[in-house]
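The shown structure was predicted, so the numbers you read here are calculated from the model rather than taken from an experiment.
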Amino acid sequence: MEKMKTMADEFALKCKKMPKQLRQWPAYHELKKEIEDFQEVLPVLMELSKKSIQTRHWQQVNELTGKDLHIERDDFRLQSLIDAKLNEYKDEVLDICESADKQLIIEEKLGDITTQWATMTFDFATWKSREVPCILVGSKVGDVQEALEETQMILNAV
């Protein structure tokens with residue numbers, strides 16, 4: 001994506017440096033508009049290319065634009081995104097991307113918590129005259145409580 005941005009900037013610069021006589025032609029104005037439109041939509045495309053963007057977010061973009069973008073297909077092209085006129089929905093699409101970034105952070109934190117508690121072991125010992133272990137081992141209770149409080153703080157922050 002960075003290479004696309006660099007190339008678009010180079011094309012814009014070359015377009016500006018064209019001879020004055022050429023700048024009067026309708027083809028020049030059309031080319032300039034195409035480059036400017038692409039430069040405007042490129043930041044949106046960069047946001048949509050992040051790993052945080054899931055299928056559900058593409059569905060939101062589809063609903064917003066009224067287009068049926070099949071991003072999972074092998075024949076999907078950049079032109080499809082440009083034809084969807086994403087620059088007309090720039091703010092809304094950027095909101096979707098920002099939401100996706102926040103959702104990814106939450107999903108990662110929940111995954112970490114799940115992993116932590118999936119591997120947590122509880123050691124039990126016998127109590128008084130009972131033959132069956134029925135009480136947490138005293139030295140482990142503090143560790144479990146500390147982990148639980150830490151997890152609660154993380155979840156409250158989310």
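- Using a 3.5 Å distance cut-off with no hydrogens or angles, the side chains of Gln103 and His57 do pair a donor with an acceptor.
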Trp58/Leu48 under side chain to side chain contact (heavy atoms under 4.5 Å, CB included): CA gap, chis, key distance, verdict: CA-CA 9 Å; Trp58 280 107; Leu48 286 171; 3.9 Å; yes
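- Lys109 is listed as a side-chain neighbour of Ile154, based on a closest heavy-atom distance under 4.5 Å.
- The side chain to side chain donor-acceptor pair (under 3.5 Å) test applied to Lys33 returns Asp37, not counting sequence neighbours.
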Derivation and outcome, side chain to side chain contact (heavy atoms under 4.5 Å, CB included), residues Leu31 and Met18: CA-CA 12 Å; Leu31 174 64; Met18 284 189 169; 4.1 Å; yes
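- You'll find the side chain of Gln59 reaches within 4.5 Å of the side chain of Thr55, heavy atoms only.
- Remark: the backbone N or O of Asp95 is not paired with any side-chain donor or acceptor of Ser99 at under 3.5 angstrom.
- Ion pairing between Lys102 and Glu98 holds under the 4.0 Å rule for side-chain N and carboxylate O.
- Here the CG atom belonging to Leu42 is positioned 6.0 Å from the CE atom belonging to Met4, to the nearest 0.5 angstrom.
- For the atom pair CG (Leu45) and CD1 (Ile82), the distance works out to 6.5 Å, reported to the nearest 0.5 Å.
- Atom CG of Leu69 and atom CG of Asn62 lie 4.5 Å apart (nearest 0.5 Å).
- Environment of CD in Gln21: sparse, with no more than 12 heavy atoms of neighbouring residues, nucleotides or ligands closer than 6.0 Å.
- Ala8 and Gln39 make their closest contact through O-NE2, 3.6 Å (heavy atoms, listed as atom of the first residue, atom of the second, distance).
- Taking Arg56 as the reference, Glu107 meet the salt bridge (Lys or Arg N to Asp or Glu O under 4.0 Å) condition, with sequence neighbours excluded.
- In this structure, the side chains of Leu148 and Trp117 come closer than 4.5 Å at one or more pairs of heavy atoms.
- Expressed to the nearest 0.5 Å, how far CD1 of Ile35 lies from CE of Met7 amounts to 11.0 Å.
- Thr126 meets the side chain to side chain donor-acceptor pair (under 3.5 Å) test with no other residue; sequence neighbours excluded.
- Atom OH of Tyr28 sits in a crowded spot, with more than 12 heavy atoms from other residues, nucleotides or ligands closer than 6.0 Å.
- In this structure, the side chains of Leu155 and Leu110 come closer than 4.5 Å at one or more pairs of heavy atoms.
- Under the 4.5 Å side-chain heavy-atom criterion for Ile, Leu, Val, Met, Phe, Trp and Tyr, Leu94 and Leu104 are members of distinct hydrophobic clusters.
- Expressed to the nearest 0.5 Å, how far CD1 of Ile71 lies from CZ of Phe76 amounts to 7.0 Å.
- Under 4.0 Å is where a charged nitrogen must lie from a carboxylate oxygen, and between Glu40 and Lys5 no such pair does.
- Gln60 places none of its side-chain heavy atoms less than 4.5 Å from the side chain of Leu64.
- Proximity of Lys85 to Thr65: side-chain heavy atoms (C-beta onward) are nowhere separated by under 4.5 Å.
- Note that CH2 of Trp25 is 13.5 Å distant from CD of Glu30, once rounded to the nearest 0.5 Å.
- Counting heavy atoms from C-beta on, the side chains of Leu86 and Val61 come closer than 4.5 Å.
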Candidate pair Arg23 and Lys32, rule side chain to side chain contact (heavy atoms under 4.5 Å, CB included), full reasoning: CA-CA 9 Å; Arg23 287 189 240 158; Lys32 184 178 177 199; over 6 Å; no
